[in-house]
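To find a chain, count down the sequence lines: A is the first, B the second, and so on, and within it residues start at 1. What you see is a predicted model, and the numbers here were worked out from it, not measured in a lab.
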Protein chains: 2
Amino acid sequence: MRIGELAERAGTTPRTLRYYESLGLLPPADRAGNGYRSYGEEHLRMLEQIRTLQEYGFGLEETRPFVECLRAGHPAGDTCAASLAVYRSKLAEIDAWVERLTAVRAEVAAQLLRAEREAGAEADAGVRPGAEPLCELTAALDGSGRHEEGTPPQ
Amino acid sequence: MRIGELAERAGTTPRTLRYYESLGLLPPADRAGNGYRSYGEEHLRMLEQIRTLQEYGFGLEETRPFVECLRAGHPAGDTCAASLAVYRSKLAEIDAWVERLTAVRAEVAAQLLRAEREAGAEADAGVRPGAEPLCELTAALDGSGRHEEGTPPQ
DNA sequence: GTAGACCTTGACGTACGCGTCAGGGCCAGC
DNA sequence: GCTGGCCCTGACGCGTACGTCAAGGTCTAC
């Protein structure tokens with residue numbers, strides 16, 4: 001199987017496979033006479049392992065023990081001790097993030113409440129009836145919940 | 001106040017202040033006769049606003065409305081509508097992250113349990129008493145809960 | 001007058017996971 | 001033999017928030 005086919009079957013791109021190989025994450029593929037990379041089914045299995053972990057938010061380096069485990073001949077990539085250790089540390093990491101996010105959420109919610117009250121007071125102190133905004137920014141951007149953000153973890 | 005003093009009072013570095021200015025996030029400082037930047041207390045207030053939001057995990061661009069609000073003369077940076085909108089979208093973003101992390105956590109925990117069982121079965125299927133590891137990786141890396149990770153959000 | 005601490009701009013480095021372009025070779029079908 | 005689709009390597013680009021180095025000017029104290 002050539003690189004394009006493997007990439008398609010794994011739902012990724014040739015560029016990505018070459019990148020993994022350059023990292024030493026995937027073992028170097030055999031080469032056909034013309035220099036083209038030649039892959040087997042075991043490569044597909046490794047790739048699927050990597051992609052699954054990636055979807056869970058694992059970094060590429062974190063997937064390495066899983067791939068090594070498969071390369072060592074294990075039927076599954078996650079039954080080696082190193083893989084289990086990565087699972088466990090990922091759980092701890094997620095817990096830490098959730099804890100942090102929860103604390104931040106509470107703090108931001110509190111600030112929002114306070115700011116909303118202050119904004120009301122500020123407006124009342126200004127022009128009473130008519131609701132003239134104090135700065136031109138007040139006109140734009142209201143409504144909540146759209147907006148996109150930089151890469152969320154996981 | 002010169003750049004070094006402001007940086008120190010804000011708990012940051014001169015490089016950071018020049019960077020903010022280059023982004024147009026901080027207004028360009030006045031210049032002394034020798035070309036040195038000259039800052040006032042209002043710059044300190046803007047910087048403190050930025051730093052606080054940064055600690056909550058806001059990106060620099062997300063702090064912009066708060067700084068603009070201060071620049072517009074408001075006593076607080078978060079009483080303008082644009083700032084409130086950022087607060088609200090940040091809350092939504094945090095909620096989305098927590099949701100995703102919680103789902104991933106459950107999935108990883110399930111995989112860990114399964115893998116632990118399979119690892120046990122694999123070991124039993126091999127050498128019964130003596131527990132010889134199947135791959136040399138099994139020897140290294142056990143124990144859970146240490147390990148550091150790339151920038152957590154927030 | 002000179003050492004040392006401050007300031008200036010400009011530019012490259014970092015981590016991550018590739019996308020994309022440049023410049024070329026290989027092979028099948030018409 | 002020519003077009004089109006695949007493959008190759010090498011190298012730069014992206015986004016984020018600066019750190020760090022280079023090469024120089026400025027000011028204070030001794």
Sugar-phosphate, base or nothing in reach of Arg18(B), heavy atoms under 4.0 Å: base
Ring pair (Phe, Tyr, Trp, His ring centres under 6.0 Å) between Phe66(B) and Tyr87(B), worked out: CA-CA 10 Å; Phe66(B) 296 78; Tyr87(B) 272 157; 5.1 Å; yes
Give, for atom [atom1] of [X] and atom [atom2] of [Y], the distance between the pair rounded to the nearest 0.5 Å.
{"X": "Leu53(B)", "Y": "Glu48(B)", "atom1": "CG", "atom2": "CD", "result": "12.0 Å"}
{"X": "Gln111(A)", "Y": "Ser83(B)", "atom1": "CD", "atom2": "OG", "result": "12.0 Å"}
{"X": "Glu62(A)", "Y": "Gln54(A)", "atom1": "CD", "atom2": "CD", "result": "9.5 Å"}

dG19(C) phosphate, OP1 or OP2, under 4.0 Å from Thr16(A) side-chain N/O: yes
Look at Asp30(A) together with Arg37(A) and state whether they make a salt bridge at an N to O cut-off of under 4.0 Å. no
Do side-chain atoms of [X] reach the backbone of [Y] as a donor and acceptor pair under 3.5 angstrom?
{"X": "Arg88(A)", "Y": "Leu112(B)", "answer": "no"}
{"X": "Arg51(A)", "Y": "Ala10(A)", "answer": "yes"}
{"X": "Arg45(A)", "Y": "Leu70(A)", "answer": "no"}
{"X": "Thr16(B)", "Y": "Thr12(B)", "answer": "no"}

Lys/Arg cation over aromatic Phe58(A): Lys90(A), 6.0 Å, 45° cone: yes
Please list, pair by pair, any protein nitrogen or oxygen found under 3.5 Å from a nitrogen or oxygen in nucleotides 13-15 of chain C.
none

Bounds of contact between DNA chain D and chain B, in 5' to 3' order, using a heavy-atom cut-off under 4.0 Å: dA17(D) to dC27(D)
How do Arg2(B) and Tyr19(B) order along DNA chain D: which one's closest nucleotide is nearer the 5' end? Tyr19(B)
Could you check Asn34(B) against Glu61(B) and say which one's nearest nucleotide on DNA chain D is further toward the 5' end? Glu61(B)
Using a cut-off of 6.0 Å, state whether more than 12 heavy atoms not belonging to Glu5(B) lie near its atom CD. yes
Find which nucleotide of DNA chain C each of Leu23(A) and Arg31(B) is nearest to by heavy atoms, and output the residue with the more 5' nucleotide. Arg31(B)
Contact check, residues 35-53 of chain B vs DNA chain C, heavy-atom distance under 4.0 Å, returns Gly35(B), Tyr36(B), Arg37(B)
Measure the distance from CD1 on Ile3(B) to C1' on dC6(C) and round it to the nearest whole Å. 11 Å
Using atom CG of Leu17(A) as one end and atom P of dG19(C) as the other, report the distance to the nearest whole Å. 10 Å
